[in-house]
Amino acid sequence: MRRIALLGSTGSIGVQALDVVRSTAGLEVVALSAHSRWEELLEQARVHKVSRVAISDPQAADAARAAWDGEVLCGPEALAHLITGAAPDLVCNAIVGSAGLAATVVTLSEGIDLALANKESLVVGGELVTELAAATGARLLPVDSEHSALHQLIASEKGQPPGTIERLTLTASGGPFRGRSREELRAVTVEQALDHPTWRMGGKISIDSATLMNKGLEVIEAHQLFGTAYSAIDVVVHPQSIVHAMISLTDGSSLAHLGHPDMRVPIAYALQWPERVDLDVRPLDLTAVGALTFEAVDENAFPCLGLALAAGKEGGTAPCVLNAANEVAVAAFLDRRCSFLEIAEVIEGTLGAVAIEQIYSFETLIESDRAARDEAASRVAALA
Ligand code: NAD
Ligand code: MG
């Protein structure tokens with residue numbers, strides 16, 4: 001049995017990860033965590049016979065304690081205690097936002113393998129995270145579909161010889177606003193932005209997909225995971241979301257990873273690695289799919305991708321500042337305190353105002369994250 005701690009279990013990835021645990025063999029959940037939806041969390045704990053959970057919202061933790069005789073951890077060290085106490089074989093980090101970084105750091109420091117959905121950990125933590133994994137020998141298994149595809153294509157253990165991979169390509173669905181001009185994006189609503197054409201996901205990543213910030217975060221994620229130069233990572237819009245990623249080799253061959261969009265596939269790959277398991281998913285019938293189409297990103301309508309690439313290339317705390325400003329701006333958009341186009345304006349303004357520094361330790365990142373959040377929040381407040 002592979003013993004798994006699942007963090008962010010009430011979210012879109014968390015629920016699908018539990019589905020994979022129930023529908024495939026050899027996996028056992030030993031710890032669960034969520035932010036505030038304690039009733040759902042306790043129901044998951046009951047179904048999976050888990051006796052220890054962490055809840056980050058203090059009121060929700062109190063409510064859970066009153067309703068349950070298992071152990072409820074809360075407070076700044078809760079996830080660290082949850083992970084070290086359960087001593088799992090694998091942690092699946094499906095927390096949203098930079099709030100997931102601490103759990104990534106604890107997991108890798110303990111030398112525990114990590115199935116990582118929380119891309120923000122890699123964007124914010126960068127080399128500190130990958131160096132930590134290298135130092136302790138913990139494996140980083142991406143859950144993000146494009147990176148799971150790349151992991152499979154690159155197959156670092158036995159696949160392509162070093163030096164033969166020339167370029168990586170990440171596909172983007174284009175989100176709900178693909179094809180719209182900047183002018184047409186001025187008045188789009190939260191409901192329209194949340195209505196993703198091919199994936200059903202949590203609120204934050206749905207907005208990131210609509211602005212294309214998600215793809216920007218993913219380029220940084222790919223750079224960190226695979227050590228590929230930014231100049232060798234391409235993004236192409238592919239509305240059908242059938243091709244997830246492609247690698248191009250020096251001999252003119254290109255290898256792609258295909259499948260219907262279903263996050264259970266990359267989740268199962270990460271949880272079961274290196275085994276491949278049977279999964280009840282829709283088989284790919286290319287004649288039924290018909291056409292696969294590809295187009296370039298409209299950088300004028302979707303400036304967030306360019307902002308992310310520039311921050312990635314700048315390095316240091318720039319991706320951390322970008323991510324923090326994005327989290328603040330997306331929350332403001334969901335709260336109807338800023339417009340869709342103002343998300344990019346807040347991020348660009350914050351990147352211009354907060355000093356970018358070299359990263360010496362996680363302390364640098366925590367301070368930089370806080371400074372960027374303050375700056376972005378005051379920029380949002382000044383909009384109204
Ligand atoms: P979600 O909003 O549906 O769920 C987030 C989970 O994190 C919830 O369980 C919530 O309780 C928990 N959480 C939120 N804030 C927290 C905090 N401060 N401390 C601790 N826990 C907290 O999000 P999601 O769509 O499942 O995405 C999770 C992560 O996976 C994100 O980083 C996202 O970018 C990535 N991802 C998601 C998808 C997808 O299809 N949903 C695909 C690829 C990558
Ligand atoms: Mg993705």
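The structure presented is a predicted model; accordingly, all values stated were derived computationally and were not measured. Both ligands and their constituent atoms are indexed starting at 1 by order of listing.
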remark   = Heavy-atom proximity to atom 6 (C) of ligand 1 ranks first, among Ala94, Ala117, Pro142, Ala54, for Ala94
request  = With the Mg ion (ligand 2) as the centre, enumerate protein N/O/S atoms below 2.8 Å in chain and residue order.
outcome  = Asp144 OD1, Glu146 OE1, Glu218 OE2
Salt bridge Glu120-Lys204, side-chain N to carboxylate O under 4.0 Å = yes
inquiry  = How far is atom 16 (C) of ligand 1 from the closest protein heavy atom, and which atom is that?
reply    = His35 CB, 3.7 Å
request  = Answer yes or no: does atom CD of Glu28 have more than 12 heavy-atom neighbours from other residues, nucleotides or ligands under 6.0 Å?
outcome  = yes
N-O pairing of Arg370 and Asp374 below 4.0 Å = no
query = Any link between Val297 and Leu170 through a network of hydrophobic side chains (Ile, Leu, Val, Met, Phe, Trp, Tyr) touching at under 4.5 Å?
reply = yes
Close N or O approach (Ile13, ligand 1; < 3.5 Å) = yes
ask   = Salt bridge check: are Glu146 and Lys215 linked by an N-O gap of less than 4.0 Å?
value = yes
task = Nearest heavy atom to atom 2 (O) of ligand 1 wins, so pick from Leu41, Val96, Leu79.
result = Val96
ask   = What do you reckon, does Arg37 put a non-hydrogen atom under 4.0 Å from ligand 1?
value = no
query = Is the number of heavy atoms from other residues, nucleotides or ligands under 6.0 Å of Gln358 CD greater than 12?
reply = no
inquiry  = Given Ile205, Ile95, Leu7, identify the one with the heavy atom nearest to atom 31 (C) of ligand 1.
reply    = Ile95
key: Side-chain touch Val96/Ile205, heavy atoms, less than 4.5 angstrom   = no
Residues Arg167, Asp234: salt bridge by 4.0 Å N-O rule = yes
query = Taking side chain as C-beta onward, heavy atoms only, is Leu249 less than 4.5 Å from Ile247?
reply = yes
task = Would you please determine whether Lys119 falls within less than 4.0 Å of ligand 1 on a heavy-atom basis?
result = yes
